[in-house]
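First comes the structure, then the notes that go with it.
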Amino acid sequence: MNEFRFRFLTILIGLLISITSCSSGGGDSEPEIELGDPIANQATSITSSSFTASWSRVYRAESYLLDVSEDAGFATFLAGYNAKSLVSLNEDITGLESNMQYYYRVKAVNGAIVSSYSNIVETTTSFIPDSDQTLKKAADTFFVGVAVQSGKLNGQYDETYRKEFSSITAEWEMKMNVMHPSVDTYDFGPADAIVNYGQTNGINVHGHSLIWHNSTPDWVKNFAGTDQEFEDMIEEYITTVVTRYKGKVTSWDVVNEAVEDGSGNLRNSIYRQKMGDDYIAKCYQFVRAADPDVLIFYNDYSMIIDQTKQDAVFAMVDDFIARNIPIDGVGFQMHISHDYPAKADIQKATDRIVERNLKVHFSELDVRANPNKDITSLTAERSLSQKAKVKEVVQVYNSIPNDNKYALTVWGLKDSETWLTDFYGYVDWPLLFDGNYNKKDAYYGFLEGLQ
Ligand code: XIL
């Protein structure tokens, strides 16, 4: 290195040292504050005209700047919400339009120091339907069903069914223990009343269910004849019922809940014991022989949360398709909870029905608001959580191609009459109407799901 270069470098280093010591030596200037970025929370208390925005406290922040916009890019702002200065950690945003998307973000401030933006939160205000809107009008590409009982087809039941629903399912009166109570008797009284009600009022009737281990009459459980005689008896029963309602009942859950939880094995019901592993296929063929047009469904529960069961059912369906055994659709019962299962899992399982080009029935929807038995009345928070789940279910259903749609059926009309009270032995509010026929948040969630 020559002398000139050496001297130049020494001067440069000297200069640099003096510059850094000046700027950090500080004299009496304040130490610089580093402000973290706030985290914006999901909106809460969402109504048709307002929501609450909130965010996390940032260490040393003295205030926050809130932006609210109708567009995700914040090209424009809601009046008063272009960097609105706030000391609090939340703000009620009011005077909004219903069913509109809004976005918000915040910055933290200390004197002249301002943080970067938080994450952006997206929220949609609730939707207010027209006063003459109903479930069946809103769902114009599929039936909206309800489980009914023959003794409750009058008065306000009748009014609500005719106004809101386009399909009915017998909650228990079209099961074998009711329709074929003993070896040589059939009792079609209640079933006829339900089917006639549908016919008279132009309401679709879904048949439920020909074969179910839980509605097997004792005489069938204790059947004394040979296996062939058992199978002949089942064929005669199926043929008799399906023929009776031919042209009146659009669809049948032919075999209900045949697959065990967890293992994916076939339940060892009396039907399987007597007719062999292929009993389901045989029953489907009996139905098809009696009515070439009726839709044949396989119906079961927990198929979304029990992957083994789901896989077993689709393996069975694929086997039927490969062997030309008639099957037209799959029913997911949809006895679910306000916080479970996730929408993505409902969607994934539903897509498997659509991929096989079969019809989808969400056949027994009820959404538990009290799955952990921690409330004694339906709280506002739980009611909204239930509404959000109903909305998700409807959104998934509505998103499938129209050709794959059939019906979305709710398992009962009023909370006060849900089967779940007996089933779990404590109170819940899983339906769309309260005990006084009032529409609940969940009802509006159904309508919002169709927006
Ligand atoms: C229930 C009914 O709601 C009750 O009234 C009846 O006592 C028992 O059955 N899965 C089904 C439905 O497929 O048939 C069941 O309905 C609920 C579980």
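Ligands are counted one by one from 1 in listed order, and the atoms in each one are counted from 1 as well.
Looking from atom 3 (O) of ligand 1 to the surrounding protein, the closest heavy atom is Glu171 OE2, 2.5 Å. Scanning all protein heavy atoms for the shortest distance to atom 1 (C) of ligand 1 gives Lys175 NZ, 3.7 Å. In this structure, the protein non-hydrogen atom closest to atom 11 (C) of ligand 1 is Glu364 OE1, 3.0 Å.
Here atom 16 (O) of ligand 1 lies nearest to Trp411 when heavy atoms of Trp411, Tyr301, Trp172 are compared.
Geometrically, ligand 1 and Trp419 share no nitrogen or oxygen pair separated by less than 3.5 Å. At under 3.5 Å, a nitrogen or oxygen of Gln333, whether backbone or side chain, sits near a nitrogen or oxygen of ligand 1.
Using modelled atom types, one finds no donor on one side chain facing an acceptor on the other under 3.5 Å when comparing Asp306 with Gln310. Under the 3.5 Å distance criterion, with hydrogens and angles disregarded, a donor-acceptor pair is assigned to the side chains of Glu173 and Ser150. A donor-acceptor contact under 3.5 angstrom links the side chains of Thr47 and Ser50, judged on distance only.
In this structure, Lys387 fails the cation-pi test against Phe446, since its NZ or CZ atom is not both closer than 6.0 Å to the six-membered ring centre and inside 45 degrees of the ring normal.
Contact annotation: the side chain of Tyr157 approaches that of Lys414 to within less than 4.5 Å [non-hydrogen atoms, C-beta and beyond]. For the pair Ile325 and Arg288, the minimum side-chain heavy-atom distance is 4.5 Å or more.
In the vicinity of His208, heavy-atom distances shorter than 4.0 Å reach the ligand 1 atoms 11 (C), 12 (C), 13 (O), 14 (O). Contact atoms of ligand 1 toward Asn256: 11 (C), 13 (O) (distance under 4.0 Å to a heavy atom of the residue). Taking every non-hydrogen atom of Glu257 and a distance limit under 4.0 Å, the qualifying atoms of ligand 1 come out as 10 (N), 11 (C), 13 (O), 18 (C).
With ring centers used as reference points, Phe127 lies 6.0 Å or more from Tyr444. Annotation: His338 is not in aromatic contact with Trp429 [ring centroid separation under 6.0 Å not met].
With a 4.0 Å cut-off on non-hydrogen atoms, Trp212 touches ligand 1 through its side chain and not its backbone.
Protein heavy atoms all stay at least 4.0 Å away from atom 7 (O) of ligand 1.
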